[in-house]
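Accompanying notes for the structure given below.
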Amino acid sequence: MINGILAAEEAVASRVAHTVKTYPRQITAAIATLLLCAGGGAFAVANLGPDASDLPVRQVFEAVTPLPIDSQGAELDGHRFTLFRSEQTRAGDTAEALLGRLGVADGDAAAFVRGNAQARAALFNRVGRTVSAELGQDDRLIRLSARWIPDVDGSFRRFVVERMPGGFVARMEAEALTPGSRLASGVVKSSLFAATDAARVPDSIASQLADIFSGDVDFRQLRKGDRFAVVYETFDADGQVLRTGRVLAAEMQSAGKTWQALWFQPPGGKGGYYRPNGDSLRKAYLSSPVEFTRVSSGFAMRMHPILNSWRQHNGIDFAAPTGTPVRTVGDGKVDFAGQQNGYGNIVIIGHRNGQQTAYAHLSRINVKEGEQVEQGQTIGAVGSTGWATGPHLHFEFRINGEYHDPSTIAQQSEGSTALTAALRPAFDKLASASRTELAAAFSVVQASAD
């Protein structure tokens, strides 16, 4: 246990060091703000020097030698420089199109990329891969590299085309991703997701924010001026973020109230989100079975789109493209997985106390009847099977067979998981570091506002 706590404290220290190195100005501003607020008093500065009007004034004349502008210009003309540009691969790319967007004007390079099998496999028909080019001042290619993550195994692939004395060569490299963290914050003007978009927060991180605070904040009722700050994991390749991980710390400010959360995982144990005082934030259910989507039809009377009659809509519809992963909102056992009339492909999961959740119109089903599932596990994908006019997920919440409004599901609270006394020192150290990081993230918003 002692070794585990030491390992946790080392992880905290490493995270703090990384954050200070990455955001020195924000951290300094946050600490200064805290110190000023804690002081609670006024400060005065005494003028200990002489009055400036009494100081003697004198003029100094010096001869100035003109700079050798002509020789400097000649040296600049002989200086060779290198250009670096980055782009994303697109559908239907050709060698000429991709190199053209990168500013490369090099027929030999285009011919090599077009004719090399590795280059074609790495660059073409692969949408969204990051490609970087190193160019000479004559716009000829020196080095081309593409990076992507083939699977979630902690590594990434780098494909390189490089000019050598004898011509271009190509090679494939495998490297480990570099873990890191990012700070971000924003102000709500219309919705949380619009604010995260404006702050360039990835969609997956925005969805996690909504899940973490779903029991505290009604995100449909956010007000203009509400704020958020977040610290989240990143996985970098050659200094560029290729993948994001989980939220490490977050804060929401809405309607004059503030909520904070941080991720804590004991050594060898299961991690979770906690308030800074140590209370667990784990809920029995997530707020949504589909990440980052919108409600297209709520729990209410409506005109049925196929039957053309007024009927009670016994669930919530989430609009999303076909193939979007669907996750179970809580732990449980699969009671049914298959086809049911107008539901099409449907998964029904039984939870505690006679509660069930149902996920309908799926394009595929990933689980089997009787299987145990954990909160957040992918159980299928959005589709339009059964009585559906388009791709969406129909989601229901039932208690002892009766339908209930699924929008209240996140309020179903699960008992807090108390931290042991042995874990408190490591947790308190992490909580202190998280508060500093969140204050630094908010300083970015304040600076931009000023």
Side-chain angles (χ1 to χ4, degrees), residues 8-34 177-188 192-193 195-214 216-217 219 226-236 239-254 258-266 271-282 291-292 376 419 426-449:
E9 292 182 346
E10 289 178 1
V12 173
S14 175
R15 177 172 149 191
V16 173
H18 171 82
T19 304
V20 172
K21 181 178 179 181
T22 309
Y23 303 93
R25 295 177 61 187
Q26 291 88 336
I27 296 293
T28 302
I31 294 174
T33 302
L34 292 173
L177 288 165
T178 303
S181 62
R182 289 285 178 93
L183 309 180
S185 56
V187 178
V188 174
L192 172 66
F193 293 142
T196 54
D197 280 346
R200 298 182 179 180
V201 173
D203 290 356
S204 62
I205 301 301
S207 294
Q208 291 181 57
L209 273 177
D211 285 340
I212 292 168
F213 295 114
S214 61
D216 298 318
V217 181
F219 288 99
D226 289 348
R227 306 196 306 168
F228 74 89
V230 63
V231 183
Y232 60 93
E233 287 180 313
T234 60
F235 296 91
D236 302 352
Q240 184 174 32
V241 175
L242 284 192
R243 182 168 66 86
T244 57
R246 67 166 52 94
V247 169
L248 298 174
E251 181 174 324
M252 279 294 307
Q253 298 179 4
S254 177
T258 298
W259 298 271
Q260 287 187 342
L262 64 141
W263 173 264
F264 179 71
Q265 183 168 5
Y273 288 100
Y274 293 81
R275 301 188 192 278
N277 65 359
D279 289 344
S280 173
L281 280 172
R282 176 176 169 81
E291 290 188 357
F292 205 81
L419 294 170
F427 176 83
D428 290 341
K429 182 176 291 188
L430 178 62
S432 177
S434 296
R435 281 192 289 267
T436 301
E437 290 174 322
L438 292 171
F442 272 130
S443 73
V444 177
V445 172
Q446 185 62 42
S448 61

Rounded to the nearest 0.5 Å, how far apart are [atom1] of [X] and [atom2] of [Y]?
| X | Y | atom1 | atom2 | answer |
| --- | --- | --- | --- | --- |
| Leu242 | Asp236 | CG | CG | 7.5 Å |
| Ser185 | Phe228 | OG | CZ | 6.5 Å |
| Arg243 | Leu177 | CZ | CG | 6.5 Å |
| Asp211 | Leu281 | CG | CG | 12.0 Å |
| Glu251 | Thr258 | CD | OG1 | 5.5 Å |
| Leu430 | Glu437 | CG | CD | 8.0 Å |

Search all heavy atoms of [X] against all heavy atoms of [Y] and return the closest pair with its distance.
| X | Y | value |
| --- | --- | --- |
| Ser181 | Thr234 | N-OG1, 3.5 Å |
| Gln260 | Pro276 | OE1-CG, 3.3 Å |
| Leu262 | Ser434 | CB-OG, 4.0 Å |
| Ala206 | Leu192 | O-CD2, 4.4 Å |

Are side-chain heavy atoms of [X] and [Y] found at a separation under 4.5 Å?
| X | Y | value |
| --- | --- | --- |
| Asp216 | Met252 | no |
| Asp197 | Asp203 | yes |
| Trp263 | Glu233 | no |
| Gln208 | Tyr273 | yes |

Q | Ser207 (side chain) donor-acceptor with Ser204 (main chain) under 3.5 angstrom | A |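 Not confirmed, Ser207 side chain does not pair with Ser204 backbone.
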(Q) Going by ring-ring contact (aromatic ring centres under 6.0 Å, His included), name the residues that satisfy it together with Phe427, two or more places apart in sequence or in a different chain. (A)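 So Phe427 forms a ring-ring contact (aromatic ring centres under 6.0 Å, His included) with Phe264, Tyr274.
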Q. Can you list the residues that meet the side chain to side chain contact (heavy atoms under 4.5 Å, CB included) rule with Asp226, with sequence neighbours excluded?
A.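 Val188, Leu222, Arg223, Ser254.
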